[in-house]
Amino acid sequence: MVVQLIFLSILLLFSPLVPPVLSPLAYSLTGALLIQKVDPRLLLLISVWVVTFSNILIRFLQDRIIRKIALYKNTNKTDVFSRILKKLNEYFDNQNKLTKIWLKREKYIETGRGKFFTFIFAILLFLPVLADIIWCRLLHRKIKFPYFVLAVIIGKTISHGSFIFFGKGLISILKI
């Protein structure tokens, strides 16, 4: 069972990078562990902390990776790798449109009410709607780091906790 918990942790660590594949696999493994009578609080603790660590890594690494990709902006190479990196550069250049939208909200965000609603918005972003990597990029420099971590913990506790405890209740009702 310890090996399965470690495997679940690894799946959850890399799930923001390949969400259509690894997230359902992690939820399936969580369900299997619940059937094997693993403590739901332990599963919740592992899930929330590993996913929080994963999102913190994404937040810190994304700027470094984007800077490395930007080096390929002006190359004249035509190999597949260079073409893919040029396409990524075009995408990140188009991120300026998102920045313009957020700049309109800058004055509102600086107020106490704006900070509160941005924090609530950040919590809602970390519910399992879209990939965490997208939300980390959207919230980059829009919310301070401690509030970012708190929003991730609350959002992931809501999403993973509801799945774990609803699953545990369903398993106990079905007497599996």
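Every value quoted in this text rests on a predicted model; they were computed, and no experiment measured them.
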*So with a 6.0 Å cut-off around CZ of Phe14, is the heavy-atom count from everything else above 12?*
no

*Does CZ in Phe119 sit with more than 12 non-hydrogen atoms of other residues, nucleotides or ligands closer than 6.0 Å?*
yes

*Any side-chain heavy atom of Leu42 sitting closer than 4.5 Å to one from Leu5?*
yes

*Atom of Ile46, atom of Ser9 and distance for their closest heavy-atom approach*: CG2-OG, 3.4 Å

*How many angstroms lie between atom OG1 of Thr30 and atom NE2 of His160, to the nearest 0.5 angstrom?*
7.5 Å

_Partner of Val48 under side-chain contact (heavy atoms from CB on, under 4.5 Å), chosen from Ile153, Leu12, Leu43, Val152_ = Ile153

*Grab the two heavy atoms, one from Leu44 and one from Thr157, that are nearest each other, plus how far apart they are.*
CD1-O, 4.2 Å

*Euclidean distance, Tyr147 OH relative to Ile123 CD1, rounded to 0.5 Å*: 12.0 Å

*Should Val50 and Val3 be counted in the same cluster of Ile, Leu, Val, Met, Phe, Trp and Tyr side chains packed under 4.5 Å apart?*
no

*Measure the spacing between CG of Leu170 and CG of Leu174 and express it to the nearest 0.5 Å.*
4.5 Å

*asked:* Taking ring pair (Phe, Tyr, Trp, His ring centres under 6.0 Å) as the definition, give me every residue that meets it alongside Phe166, ordered by chain and number, with sequence neighbours left out.
replied: none

*What are the two closest non-hydrogen atoms of Met1 and Gln36, and how far apart are they?*
CE-O, 3.8 Å

*Considering non-hydrogen atoms only, spot the tightest contact between Pro16 and Ile58 and give its length.*
CB-CD1, 3.4 Å

*Which distance, rounded to the nearest 0.5 Å, do you find between the OG of Ser54 and the CH2 of Trp49?*
14.0 Å

*asked:* I'd like to know if Ile173 and Ile164 are part of one continuous hydrophobic network [Ile/Leu/Val/Met/Phe/Trp/Tyr, side-chain heavy atoms within less than 4.5 Å].
replied: no

*State plainly whether one hydrophobic cluster holds both Phe145 and Phe53, where clusters connect Ile, Leu, Val, Met, Phe, Trp and Tyr through side-chain heavy atoms under 4.5 angstrom apart.*
yes

_Once rounded to the nearest 0.5 Å, what's the spacing between atom NZ of Lys168 and atom CZ of Arg41?_
10.0 Å

*To the nearest 0.5 Å, how far apart are OG in Ser28 and CG in Leu8?*
10.5 Å

_Phe116, CZ atom: more than 12 neighbouring heavy atoms under 6.0 Å_ = no

*Any chance CZ of Phe165 has more than 12 other-residue heavy atoms, nucleotides or ligands included, within less than 6.0 Å?*
yes

